[in-house]
Amino acid sequence: ASTEAMDTGAFIRNIGVMAHIDAGKTTTTERMLYHAGILRAVGSVDDGTTQMDFMEEERDRGITIASAVTTFTWNKHRINLVDTPGHVDFTIEVERALRVLDGAVAVFDATVGVQAQTLTVWRQAAKHSIPTVGFVNKMDRDGANLEVAAASIRDKLGITPLLLHLPLFERGERMSDEFVGVVDLIRMRRLSWDGVDTTPDGGTGGDGGYTVVPLGPEHGDLVQRAGDARTLLAEALADLDDDFAERLLEDDADPTTLPASAFLRTVRRLTLANECIPLLCGAARRTKGIQPLMDAVVDFLPSPLQRPPIELESTARRIAKETRKPSSASAADGAPRRVQLKPTRAESLCCLVFKIVFDPHRGPLAFVRVYSGVLRTKTVVANSTQGGRERITKLLVVHADHHTEVDEVEAGNIVAIAGLKEARTGDTLVGMKDVKTKDFRLHGIDCPEPVFTCSIEAMSTADADALEAALACLTREDPSVRVVNDEETGQLLLSGMGELHLDVVLSRLRSHYRVECTPGPMRVAYRERPGTTPVTVEHDVNRLIMGRDQAASVSVTIERADGIGKPIVEFGDFKTDPEFEYAVREGVLASCSRGVLKGFPMMDTLVTVNRMDVEDGTSVGVLAQCAAEAVRRAMALPGVQILHPLMEVEVTVDDTYVGDVLQDLGSERHASVLGVDLLADTTRVIRAEAALSALLGYNGALRKLTSGTGTFSIKYLGHAEMSEFDVGCMPG
C-alpha cells in the first residue's frame with residue numbers, strides 16, 4: 001500500500017465480510033487477498049495459517065474472534081475490507097465494523113442457506129442501511145443448491161435475491177457432480193476454474209487464473225439454459241425497476257440480447273437502494289468464484305460519495321442515553337443541534353474511532369474511519385466526545401497484523417492511528433481549531449449488554465496490579481466486556497456476551513498479558529425491573545456535618561418503560577443548578593445499579609425527578625445520597641420483577657438424534673420448541689426458545705447426546721420475567 005493508492009472517494013470501497021460461523025468468511029477474504037496480489041500463498045482456517053485470523057486464540061480455535069482490517073487494490077479501486085466474526089458471542093465486532101462501512105459481502109453456505117447468525121448480522125447491516133452483495137459459498141459440497149439458498153434468503157431475510165450466476169457441474173472421477181464454474185448471466189460468459197493452483201500473476205487460462213469464454217454455438221444447450229436464466233433475471237429486475245421494465249417492453253426487447261450495461265446499471269441502482277441482493281456463487285476453499293465476487297464489489301457496492309451525508313450531533317444537548325425528550329434541529333438559543341459534512345478532502349476533518357487494539361510493539365492502535373477532510377501525522381486533533389486533545393504520531397495502513405506507515409489519509413478511508421492515549425471506541429475526532437465541528441460528534445457505536453458474568457481473582461497479590469491494568473486494556477479494546485467491583489462481596493466481576501467470549505478473555509489475559517488469574521463459575525446476567533404501576537416517593541435528608549446543617553429533599557417517580565434498556569433519568573419542569581442535576585442523576589443511577597430484591601441491576605426503568613430542594617450550604621454529596629435513598633425506597637415497594645435472558649436456540653443434528661435432543665430440550669432445559677426444519681436429506685434444524693441459565697454447559701451435553709456431531713447456536717432475544725418457581729430455584 002502507498003499514498004498513491006489513496007485516491008478520490010469514487011474509487012474507494014469500504015466493505016465487510018459477514019456470515020454465520022463456518023460459512024467461509026475468512027477463507028473467502030484470504031482468496032480475495034490472494035488474487036489481489038497481497039498474499040503469495042493462501043492459508044487455511046483449519047491449519048491456523050490464515051493471515052486474517054492472526055490472534056493465537058483464533059488459530060487455536062479455528063474461528064474469527066476479532067474483526068481484522070486489510071487494504072488492497074482491485075480494478076483500480078482501493079478496497080478497505082473488514083473480516084468479521086460469525087459467532088454470536090462476538091457480535092460487537094460486527095456492529096462496530098458495520099458502523100463505519102459502506103457495503104458488505106454476505107457469505108452463505110450453499111448447503112444450508114440462511115442460518116441463525118446470518119439473520120443477526122443481516123439485521124445489523126439493515127440498521128445501518130448497508131447495501132450487500134451475496135456470495136453463496138461451498139458449491140463444491142454435497143447437497144449444495146443455489147436456488148434453495150436463494151429461496152431461504154427471500155423467505156428469511158425478506159429481500160429479493162438476483163441470481164447473477166448459473167452454476168456449472170460436470171461428472172467427476174468420483175462419479176458425482178463436481179462444481180467447475182459458472183455462467184455470468186450479465187455478460188453471458190462461461191467462467192471456469194480447472195482446480196490447478198495458480199499464482200496471482202499467472203494462470204491456466206488467463207485473467208487471474210481462470211478461464212473466461214463468451215458463450216457461443218460451441219456450448220450447445222448451455223446457451224439455451226443461460227438464456228432462460230437471464231430471462232428470469234430480467235423479469236426480476238423489471239418487477240423492481242420501472243425504467244428497466246419500460247426498456248424491456250420497448251419493441252418486445254429480447255432479454256437474452258439486452259446489453260450487459262443495462263443489467264449492470266439496474267442491478268447497481270437497486271443494490272444501492274437496498275431493494276435487492278445480487279447473488280454470486282463459488283467455492284472459496286477451492287479458489288473458485290472469487291474474482292467475479294471482487295468485480296461485483298466494485299460494480300455494485302457504493303463508494304463513500306454515494307452514502308448519505310455525514311451528520312454530527314451537538315455535544316451540548318442531552319443525548320438519548322440520558323433522556324427520551326426529543327430535540328429539534330436547533331436549540332432554543334438558535335445554536336445548531338446538528339451539522340452535515342460532505343465526504344470530501346476539502347471538508348472539515350471528522351473521524352470515528354471504531355476499534356482499539358493493543359499492539360505489543362506500538363501500544364494502543366485506534367482504527368478510525370475518516371469521514372471527511374484529511375488526517376495527517378504530527379498534528380493535534382480534538383476528541384469532541386470526551387473533550388481534550390490527542391496527538392497523531394503515526395498513521396498506519398493495515399493488513400491484519402502488518403502495518404505500513406503513511407503521511408496522510410483523506411476522506412473515505414480507514415486507517416490505524418498510533419499514539420492516542422485516551423480515545424475509546426465510538427469517539428469522534430475533529431480538527432483542533434475547527435469552529436464548524438468542535439462542539440459536535442458522530443453517533444457512537446451501540447454496544448449490547450453482557451449476559452454472562454464470572455468472578456475473577458489474581459493468583460497472588462503481586463499479580464493484582466497487573467490484572468487491573470490488563471483488564472483496563474481489554475475493556476478499552478472490547479466495549480462488550482464489563483468489569484465491576486461487587487461492593488458486598490469485594491469480588492471483581494467480569495461480564496461478557498457468552499461462555500466462549502469470557503473464555504477467550506481469560507485466555508487472552510494469560511497468553512497476551514501474561515497475567516495468571518482464577519475465574520469463578522459462570523453466572524447469568526439477571527436483571528430487575530419495576531412493576532407496571534408507577535411509584536412516587538419523597539425523601540428528606542437532614543444532617544449535621546462538621547458543624548453545618550445539610551438538608552435536601554427529593555421527589556422521584558419510578559415507572560416501567562419497556563425496551564429502553566439501561567435506566568434513564570429525566571427531570572421535571574423546574575430549573576436547578578447543573579451541578580445539582582448531575583449529582584441527582586449520579587445518585588439515581590447508583591441505586592439503579594443494584595436492585596433491592598437480589599441485587600441485580602435495574603433495566604427498562606424510567607426515573608423522573610419531580611422536585612428537589614436544597615438548602616444553602618448543602619453539599620452535592622448529600623443531595624446525591626438523598627436521591628439514591630429515594631430511589632431505593634421506591635424500588636423496595638411491591639411490584640419489582642426479576643428478569644432472566646431469553647435465548648433463541650438453533651440445534652443442527654442428524655435424523656438419528658432428533659428425538660433425544662427434543663427430549664433434552666423439553667425436560668432438562670424447559671425450552672419451548674418452535675419447530676423442526678429439514679436442512680438436508682438426513683439433517684434437521686430444531687428451533688427453540690430457552691432461558692440462558694438452562695443452556696449453561698449445553699455444548700458438552702449436546703456432544704454427548706449426538707456422539708459429537710450436533711452443533712448449536714444461540715441468539716439473545718431479550719430479558720423476560722421469571723416465574724416465582726424459577727426465582728425460588730435461583731442459586732444464592
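Throughout, residue positions are numbered sequentially from 1 according to the sequence presented.
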[Y] and [X], any side-chain heavy atoms less than 4.5 Å apart:
{"X": "Leu695", "Y": "Ile714", "value": "yes"}
{"X": "Thr652", "Y": "Thr683", "value": "yes"}
{"X": "Leu258", "Y": "Phe244", "value": "yes"}
{"X": "Ile414", "Y": "Phe354", "value": "yes"}
{"X": "Trp122", "Y": "Ile159", "value": "yes"}
{"X": "Asp299", "Y": "Leu264", "value": "yes"}
{"X": "Leu674", "Y": "Glu689", "value": "yes"}
{"X": "Phe108", "Y": "Ser152", "value": "no"}

For a quick test of reading the model, state the closest non-hydrogen atom pair linking [X] to [Y] and the distance between them.
{"X": "Pro131", "Y": "Arg307", "answer": "CD-NH1, 3.5 Å"}
{"X": "Ser480", "Y": "Ile92", "answer": "OG-CG2, 3.4 Å"}
{"X": "Val213", "Y": "His219", "answer": "CG1-CE1, 3.8 Å"}
{"X": "Ala284", "Y": "Arg31", "answer": "O-NE, 3.1 Å"}
{"X": "Thr132", "Y": "Pro278", "answer": "O-CD, 3.4 Å"}
{"X": "Ile310", "Y": "Ser372", "answer": "CD1-CB, 4.4 Å"}

(message) Tell me whether the count of non-hydrogen atoms from other residues, nucleotides or ligands lying under 6.0 Å of CD in Glu147 goes above 12.
(response)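 Atom CD in Glu147 is not packed in, count stays at 12 or less.
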
(request) Answer yes or no: are there more than 12 heavy-atom neighbours, outside Arg141 itself, under 6.0 Å from its atom CZ? (result)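 Atom CZ in Arg141 is not crowded, with 12 or fewer foreign heavy atoms closer than 6.0 Å.
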
(request) Over 60° means perpendicular and under 30° means parallel, so classify the ring planes of Phe712 and Tyr698, tilted if in between. (result)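 Because their plane-to-plane angle is over 60°, the rings of Tyr698 and Phe712 count as perpendicular.
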
Pair [X], [Y]: side-chain N/O donor-acceptor within cut-off below 3.5 Å:
{"X": "His443", "Y": "Glu311", "value": "no"}
{"X": "Arg268", "Y": "Gln306", "value": "yes"}
{"X": "Arg13", "Y": "Asn80", "value": "no"}
{"X": "Asp228", "Y": "Gln224", "value": "yes"}
{"X": "Asp83", "Y": "Thr26", "value": "yes"}

Going from [atom1] on [X] to [atom2] on [Y], what distance comes out if it is rounded to the nearest 0.5 angstrom?
{"X": "Ile38", "Y": "Glu30", "atom1": "CD1", "atom2": "CD", "answer": "11.5 Å"}
{"X": "Ile153", "Y": "Cys276", "atom1": "CD1", "atom2": "SG", "answer": "11.5 Å"}
{"X": "Leu248", "Y": "Leu237", "atom1": "CG", "atom2": "CG", "answer": "9.0 Å"}
{"X": "Ile277", "Y": "Leu162", "atom1": "CD1", "atom2": "CG", "answer": "9.0 Å"}
{"X": "Thr111", "Y": "Asn137", "atom1": "OG1", "atom2": "CG", "answer": "9.5 Å"}
{"X": "His20", "Y": "Asp109", "atom1": "NE2", "atom2": "CG", "answer": "9.0 Å"}

(message) Using the rule given for side chain to side chain contact (heavy atoms under 4.5 Å, CB included), can you reason through Met32 versus Phe72, listing the C-alpha separation, both sets of side-chain angles and the distance that settles it, and then say yes or no?
(response) CA-CA 9 Å; Met32 293 172 79; Phe72 59 90; 4.2 Å; yes

(request) Apply the test side chain to side chain contact (heavy atoms under 4.5 Å, CB included) to residues Leu168 and Val183: give CA-CA distance (whole Å), side-chain angles for both, the deciding distance (0.1 Å), then the verdict. (result) CA-CA 7 Å; Leu168 302 177; Val183 172; 4.0 Å; yes

So that I can tick it off, tell me whether [Y] and [X] are bridged by a salt bridge, with the cut-off set at under 4.0 angstrom between side-chain N and carboxylate O.
{"X": "Arg99", "Y": "Asp446", "result": "no"}
{"X": "Glu93", "Y": "Lys355", "result": "yes"}
{"X": "Arg684", "Y": "Asp677", "result": "no"}
{"X": "Asp102", "Y": "Arg369", "result": "yes"}
{"X": "Asp140", "Y": "Lys288", "result": "no"}

(request) Take Leu81 and Thr71, measure what side chain to side chain contact (heavy atoms under 4.5 Å, CB included) needs, and give me the verdict at the end. (result) CA-CA 6 Å; Leu81 183 148; Thr71 299; over 6 Å; no

(message) Is it the case that the side chain of Asp184 and the backbone of Arg190 share a donor-acceptor pair, with hydrogens and angles ignored and the cut-off at 3.5 Å?
(response)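 No: the side chain of Asp184 does not pair with the backbone of Arg190.
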
(message) Tell me whether Arg154 contacts the main-chain N or O of Pro161 through its side chain, where contact means a donor paired with an acceptor under 3.5 Å.
(response)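 Between the backbone of Pro161 and the side chain of Arg154 there is no qualifying donor-acceptor contact (under 3.5 Å).
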
(request) Assess whether salt bridge (charged side-chain N to carboxylate O under 4.0 Å, His left out) is satisfied between Arg269 and Glu275, documenting all intermediate values. (result) CA-CA 9 Å; Arg269 184 164 60 246; Glu275 293 183 19; over 6 Å; no

(message) Strictly by side chain to side chain donor-acceptor pair (under 3.5 Å), give each pair with a member in residues 255-266 just once, sequence neighbours left out.
(response)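 Matches after skipping sequence neighbours: Asp254-Thr256.
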
(request) Please report the C-alpha distance between Tyr371 and Val100 in whole Å, then the side-chain angles of each, then the deciding distance to 0.1 Å, and finally whether the side chain to side chain contact (heavy atoms under 4.5 Å, CB included) criterion is met. (result) CA-CA 9 Å; Tyr371 279 99; Val100 297; 3.8 Å; yes

